[in-house]
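Letters A, B, ... mirror the listed sequences (proteins, then strands); counts begin at 1. Excluded from the calculations below are hydrogen atoms, water molecules and symmetry mates; all remaining heavy atoms, backbone and side chain alike, are included. From a predicted model like this one, the values you see are computed outputs, not experimental measurements.
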Protein chains: 2
Amino acid sequence: MIEKTIQNWHDHMRGNYEPGLDGLIHDDCVFYSPVVFTPQKGKEITMMYLNAAGATLGNAADGDPKERDENHIPFRYIKEVVAGNTAMLEFERTSGGKYMNGIDIITCDDEGKIIEFKVMIRPLQAVNLLHKQMGAMLEKMSDGK
Amino acid sequence: MIEKTIQNWHDHMRGNYEPGLDGLIHDDCVFYSPVVFTPQKGKEITMMYLNAAGATLGNAADGDPKERDENHIPFRYIKEVVAGNTAMLEFERTSGGKYMNGIDIITCDDEGKIIEFKVMIRPLQAVNLLHKQMGAMLEKMSDGK
């Protein structure tokens, strides 16, 4: 069941999944941030974090292509391990010349809805950068309400 | 092949694998720290980092059992996903009342030797704590030479 969900997740990341996050996330999903200890409970707050992460980490956030250096890496998944109801997707990217490497640990229920979404990031400077960028993005998103 | 290696790894973590790290790690293994960007290349430096991590994160580092609070979590693996030549092992522990959650991403060659060992940690305060503790441990270990 999770294979289909992960396929939908990748389609969503490419902007090709019509139901979007709303169709992927369980009402009682819990989001675990790479920065904050406290679990974020419920579909609404999970979607807010994932949307903020998408806006922060996605290629739209990479700025002017002409200003990117030759070592620029767009957000991309580099390793994927799936077993049972858990998928672990490793990713990498650069932002402003800084390398970020991370993992999405995604757990589904028997209907293929995502019930847990956990993110870890390395190295330390990337966690600090993400902390700053995500804070600004969440503030911007809540100002827009 | 990697299933056997991961079984040996768990035995090693319990102190029950006679060949130890020396029998698990490939000569050209690369270690990726949760803190530092630069890949650490070679068996010797990988073993140094893994030994320092064991001494820092292992239960021997937990201090006097009588001083632990009731929420103390000893180092333990909580999720394991294995496919192909990659294993992803999620762990957790507490140290001084602080929660640490992390993942070992282990890659093997066809002979079952570990050729890549990557660690990520969350949340941010745990990465900062580990940074401090690992720095002190590596210094202590190199003083002992």
Let me check something: do [X] and [Y] share a hydrophobic cluster, defined by ILVMFWY side-chain heavy atoms less than 4.5 Å apart, either directly or through other members?
| X | Y | value |
| --- | --- | --- |
| Phe91(A) | Ile105(A) | no |
| Met48(B) | Val30(B) | no |
| Tyr49(B) | Ile115(B) | no |
| Tyr32(B) | Ile106(B) | no |
| Tyr17(B) | Val82(B) | yes |

Name the member of Val127(A), Ile103(A), Val119(A) that forms the most heavy-atom pairs with chain B at distances under 4.5 Å.
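Looking at each of Val127(A), Ile103(A), Val119(A) in turn, Ile103(A) comes out on top.
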Chain B contacts, top residue of Thr86(A), Leu130(A), Thr38(A) (heavy-atom pairs, under 4.5 Å):
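Greatest number of close heavy-atom pairs with chain B: Thr86(A).
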Other residues, nucleotides, ligands: >12 heavy atoms within 6.0 Å of Asn16(B) CG
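Result for CG/Asn16(B): enclosed.
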Heavy-atom neighbours of Asp27(B) CG exceed 12 at 6.0 Å
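Enclosed: over 12 neighbouring heavy atoms sit under 6.0 Å from CG of Asp27(B).
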May I ask you to name which of Lys118(B), His131(B), Gln125(B), Glu80(B) has the most heavy-atom pairs under 4.5 Å with chain A?
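Sorted descending by pairs with chain A, the first entry is Lys118(B).
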Contact origin within Lys98(A) toward chain B - heavy atom pairs under 4.5 Å:
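Contact with chain B involves no heavy atom of Lys98(A) at all.
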Pick one of side chain, backbone, both or neither for Val81(A), based on which atoms fall under 4.5 Å of a heavy atom in chain B.
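It is both, since atoms from each part get that close.
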Considering only heavy atoms from C-beta outward, does the side chain of Asn128(A) approach that of Leu124(B) to under 4.5 Å?
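Contact flag for Asn128(A)/Leu124(B) side chains = yes.
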Would you check if Lys79(B) and Thr107(A) make a side-chain contact, meaning some heavy-atom pair closer than 4.5 Å?
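When only atoms from C-beta onward are counted, Thr107(A) and Lys79(B) do touch, with a gap below 4.5 Å.
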How long is the span from the [atom1] atom in [X] to the [atom2] atom in [Y], to the nearest 0.5 Å?
| X | Y | atom1 | atom2 | result |
| --- | --- | --- | --- | --- |
| Met120(B) | Met120(A) | CE | CE | 9.0 Å |
| Phe37(B) | Arg122(A) | CZ | CZ | 7.5 Å |
| Glu90(B) | Met88(A) | CD | CE | 5.5 Å |

Let me know if Val35(B) has heavy atoms under 4.5 Å from chain A in its side chain, its backbone, both or neither.
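Both the backbone and the side chain of Val35(B) come within 4.5 Å of chain A.
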